[in-house]
Amino acid sequence: MNSVLFQNVSIVDPGSPWNGMHADVLVVDGEIASIAAPLSIDSTLAAASHIPTAIGGCLSPGWVDMRCQLSDPGYEQREDLDSLAAAGLAGGFTTLVTQPNSLPVIDNAGQIRALIQRAITLPLCICPMGALSVGAAGKDLAELYDMHISGAIAFTDGRKGLESAQLLLLALQYMKPFAGLVVQSPLDQSLVEGESVAECVSSVRMGMKGIPAMAESMRVERDLRLLEHSPGKLHIGPITTLEAIALVRAAKAIGLQFTTETSALYLLLDATENEAFDPVTKVYPPLRELASVLALRAAVLDGTIDVVSSSHHPQGREEKTHDFYDASFGADVLETAFAAMMTAFKGEPYALETVIATISVSPRKILGLPSASIQEGGMAELTHFDPHLVWTPTVADIRSKCKYNPLIARELQGRPLGTYVKGCFHRI
């Protein structure tokens with residue numbers, strides 16, 4: 001029997017009748033066996049008295065990260081599947097949705113099946129996305145249906161997105177019969193190449209040209225117009241700018257059906273972080289001005305943004321030990337994503353339930369994953385956490401092979417304590 005007792009925990013789950021209540025939750029062999037406030041000392045509890053116990057804090061459905069760079073195969077020096085899983089568990093995640101931009105790119109059914117098979121023994125769930133186009137090169141559609149029936153959870157070309165409007169329209173039309181999800185990164189590459197930071201007052205102080213906000217808003221507007229012309233399943237993100245938020249809010253107001261995402265760092269850090277010219281803060285999309293950070297927080301709280309992801313994209317010494325301009329984009333973020341969110345929303349009285357919705361409930365709904373609601377008889381995929389715990393991450397807290405995390409040595413609020421996934425309890 002592989003079980004755990006979560007004792008006197010506050011349940012955070014909008015879909016559970018126990019939401020907002022303190023209770024004891026007994027999990028037995030991957031199923032929520034009993035919930036009570038408190039569990040009585042009866043034969044059930046007595047029989048389970050030898051099992052691990054996690055006391056206090058909060059309990060929610062297991063967290064899902066919708067944007068996680070897959071570096072294995074091809075870039076194993078940055079991250080392999082084992083280190084990715086360790087980083088995910090350390091961040092409180094029970095499911096990781098991987099981007100297809102490994103080497104080779106995951107663009108066919110055989111590669112999807114192989115990745116799923118390799119992930120079986122990992123201590124958490126891996127849900128691979130397949131490439132939208134062959135080699136993620138943006139020229140010809142990949143084997144979308146074959147990858148779908150082989151287990152691909154969604155389709156994307158990764159952080160560059162599809163440049164071709166015609167190809168995106170074709171993808172929306174082609175995948176409609178099997179409800180395939182298109183995940184599109186909204187940046188016009190013709191306005192991005194060669195730049196390292198966002199175009200704003202901060203970039204002027206740095207003496208750098210910068211990536212304009214319209215590189216994102218133009219692409220969001222184009223993709224929404226294509227969706228309006230040919231409805232399908234479209235998820236856009238990460239969005240980072242005031243202009244993009246306004247476009248998304250207006251489109252949702254007229255009933256256009258799509259979902260959106262931002263990432264944890266964009267809720268906490270602004271473009272001034274780059275002024276130290278430390279490559280660890282060089283991420284993609286770039287950090288934006290404070291007004292956009294505040295607007296993103298408001299958009300998460302009011303539901304305009306459906307999902308908050310990690311945008312975990314580890315880079316090794318070879319990629320990061322350069323001057324700022326020449327260093328690669330990307331950072332290890334999984335272990336501190338939740339803390340970044342909770343720190344960003346510190347002082348917001350109703351933020352916790354919203355945060356949990358954006359990293360658990362909404363991703364599952366968008367991706368068609370099984371519900372993990374905390375109810376008796378339900379599947380147990382759970383995250384145990386303390387939303388108020390103040391801590392300062394160190395390099396020792398980073399489980400990824402790469403240690404380039406811009407939140408190391410910063411005081412943060414909120415930390416995962418453990419996970420229950422695949423029938424096993426993992427204490428962090």
Side-chain angles (χ1 to χ4, degrees), residues 6 9-14 54 56-69 84-97 123-125 237-238 261-269 283 293 296-297 300-301 305-314 331-348 350-364 372 374 381-394 396-400 405-421 426-428:
F6 295 97
V9 290
S10 176
I11 295 175
V12 185
D13 176 8
C58 297
L59 192 68
S60 75
W63 301 344
V64 179
D65 182 39
M66 271 191 72
R67 187 168 299 271
C68 188
Q69 178 60 40
L84 178 64
L89 285 179
F93 294 97
T94 58
T95 298
L96 301 178
V97 179
L124 47 59
C125 302
E261 168 194 342
T262 193
S263 298
L265 287 183
Y266 305 118
L267 297 171
L268 183 61
L269 305 183
V283 294
V293 174
L296 285 168
R297 292 177 189 172
V300 170
L301 292 175
I305 293 174
D306 304 278
V307 170
V308 179
S309 64
S310 74
S311 280
H312 178 74
H313 192 170
D332 166 69
V333 188
L334 272 172
E335 299 92 339
T336 55
F338 174 70
M341 288 180 259
M342 291 307 301
T343 305
F345 289 118
K346 185 163 54 178
E348 291 285 350
Y350 304 108
L352 178 58
E353 190 168 305
T354 299
V355 167
I356 296 305
T358 64
I359 59 174
S360 179
V361 180
S362 293
R364 291 177 188 280
I374 301 175
E381 189 173 317
L382 305 164
T383 298
H384 182 220
F385 63 99
D386 185 340
H388 306 297
L389 181 65
V390 175
W391 64 299
T392 302
T394 67
D397 295 310
I398 306 302
R399 300 292 184 263
S400 171
N405 183 318
L407 300 183
I408 287 175
R410 296 174 188 253
E411 185 176 275
L412 303 175
Q413 177 181 311
R415 189 171 190 180
L417 303 174
T419 60
Y420 188 93
V421 57
H426 306 272
R427 199 183 301 273
I428 298 170

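All figures in this text were calculated on a predicted structure; none of them were measured in a lab.
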*Asks:* Determine the minimum heavy-atom distance between A372 and P61, stating which atoms define it.
*Replies:*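 Looks like O-CB, 3.4 Å.
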
*Asks:* Checking I374 against L382 for the side-chain contact (heavy atoms from CB on, under 4.5 Å) test, could you report, in this order, the C-alpha distance in whole Å, the side-chain angles of both residues, the deciding distance, and whether it holds?
*Replies:* CA-CA 8 Å; I374 301 175; L382 305 164; 3.7 Å; yes

*Asks:* Can you give me the closest heavy-atom contact between G57 and H384, atom names plus distance?
*Replies:*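 Heavy-atom minimum between the residues: CA-NE2, 4.2 Å.
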
*Asks:* Quick check: do P406 and L269 have side-chain heavy atoms less than 4.5 Å from each other?
*Replies:*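 Side chain of P406 against side chain of L269, heavy atoms only: contact under 4.5 Å found.
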
*Asks:* Thinking salt bridges, do R67 and E261 make one under a 4.0 Å N-O criterion?
*Replies:*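 So R67 pairs with E261 through a salt bridge.
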
*Asks:* Enter the distance from T343:OG1 to L268:CG here, rounded to the nearest 0.5 Å.
*Replies:*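 One gets 6.0 Å once the value is rounded to the nearest 0.5 Å.
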
*Asks:* Any donor and acceptor pair, going by atom type alone, linking the side chain of H312 with main-chain N or O of V333 inside 3.5 Å?
*Replies:*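 Present.
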
*Asks:* Could you walk me through whether D65 and S309 pass the side-chain contact (heavy atoms from CB on, under 4.5 Å) check?
*Replies:* CA-CA 5 Å; D65 182 39; S309 64; 3.6 Å; yes

*Asks:* Flag the pair L352 / M342 as yes when at least one side-chain heavy-atom distance between them is below 4.5 Å, and no otherwise.
*Replies:*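 Of all side-chain heavy-atom pairs linking M342 with L352, at least one is under 4.5 Å.
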
*Asks:* Taking all atoms of both residues into account, what is the closest heavy-atom pair of W63 and G92, and its distance?
*Replies:*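 Looking at all heavy atoms of both residues, the closest pair is CE3-O, 3.4 Å.
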
*Asks:* Could you walk me through whether L89 and V421 pass the side-chain contact (heavy atoms from CB on, under 4.5 Å) check?
*Replies:* CA-CA 10 Å; L89 285 179; V421 57; 4.3 Å; yes

*Asks:* Nearest 0.5 Å, what's the CZ-CZ distance between F338 and R415?
*Replies:*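 These two atoms lie 12.0 Å from each other.
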
*Asks:* How far does CG of D386 sit from SG of C58, to the nearest 0.5 angstrom?
*Replies:*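 It is 7.0 Å, given to the nearest 0.5 Å.
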
*Asks:* Using side chain to side chain donor-acceptor pair (under 3.5 Å), reason through E411 and T392 one step at a time and then give a plain yes or no.
*Replies:* CA-CA 5 Å; E411 185 176 275; T392 302; 5.0 Å; no

*Asks:* Exactly one of T383, V355, I356 should register a side-chain contact (heavy atoms from CB on, under 4.5 Å) with V12. Which one does?
*Replies:*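 With V12 as partner, side-chain contact (heavy atoms from CB on, under 4.5 Å) holds for just one option, I356.
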
*Asks:* Do you know the tightest heavy-atom contact between A357 and P363?
*Replies:*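 For A357 and P363, the tightest heavy-atom pair comes out as O-CD, 3.6 Å.
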
*Asks:* Does the side-chain contact (heavy atoms from CB on, under 4.5 Å) test come out yes or no for T354 and V300, once each step is laid out?
*Replies:* CA-CA 8 Å; T354 299; V300 170; 4.0 Å; yes

*Asks:* Quick one: pull up OG1 in T262 and CG in L296 and give me the separation to the nearest 0.5 Å.
*Replies:*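 Here the interatomic distance stands at 4.5 Å.
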
*Asks:* In the structure I gave you, are the side-chain heavy atoms of Y420 and E381 within less than 4.5 Å of one another anywhere?
*Replies:*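 Side chain of Y420 against side chain of E381, heavy atoms only: no contact under 4.5 Å found.
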
*Asks:* So, the side chain of E335 versus the backbone of S400: is there a donor-acceptor pair under 3.5 Å, distance only?
*Replies:*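 Yes; judged by distance alone, with no hydrogens or angles, the pair exists.
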
*Asks:* Do the non-hydrogen side-chain atoms of P14 and V361 ever get within less than 4.5 Å of each other?
*Replies:*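 Yes, at least one pair of side-chain atoms sits under 4.5 Å.
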
*Asks:* At what distance, to the nearest 0.5 angstrom, does CG of L412 lie from CH2 of W391?
*Replies:*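 One finds 6.0 Å between CG of L412 and CH2 of W391.
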
*Asks:* So which atom in M341 and which in A264 form the shortest heavy-atom distance, rounded to 0.1 Å?
*Replies:*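 So the two residues come closest at CG-CB, 4.1 Å.
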
*Asks:* Would you say N405 and I398 make side-chain contact, with heavy atoms under 4.5 Å?
*Replies:*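 With C-beta onward as the side chain, the pair touches.
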
*Asks:* CZ/F385 to CG/L59 distance, rounded to the nearest 0.5 angstrom?
*Replies:*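 Atom-to-atom, F385:CZ and L59:CG are 8.0 Å apart.
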
*Asks:* I'd like to check I359 versus V64 (side-chain heavy atoms, cut-off strictly below 4.5 Å). Are they in contact?
*Replies:*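 No, every pair of side-chain atoms sits at 4.5 Å or beyond.
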
*Asks:* At their closest point, which heavy atom of I428 faces which heavy atom of A90, and how far apart are they?
*Replies:*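 Reported closest heavy-atom pair: CD1-O, 3.8 Å.
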
*Asks:* Determine, stepwise, if the pair S311 / Q69 fulfils side chain to side chain donor-acceptor pair (under 3.5 Å).
*Replies:* CA-CA 7 Å; S311 280; Q69 178 60 40; over 6 Å; no

*Asks:* Please check this pair: side chain of R399 against backbone of L334, looking for a donor-acceptor N/O pair closer than 3.5 Å.
*Replies:*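 No; judged by distance alone, with no hydrogens or angles, the pair does not exist.
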
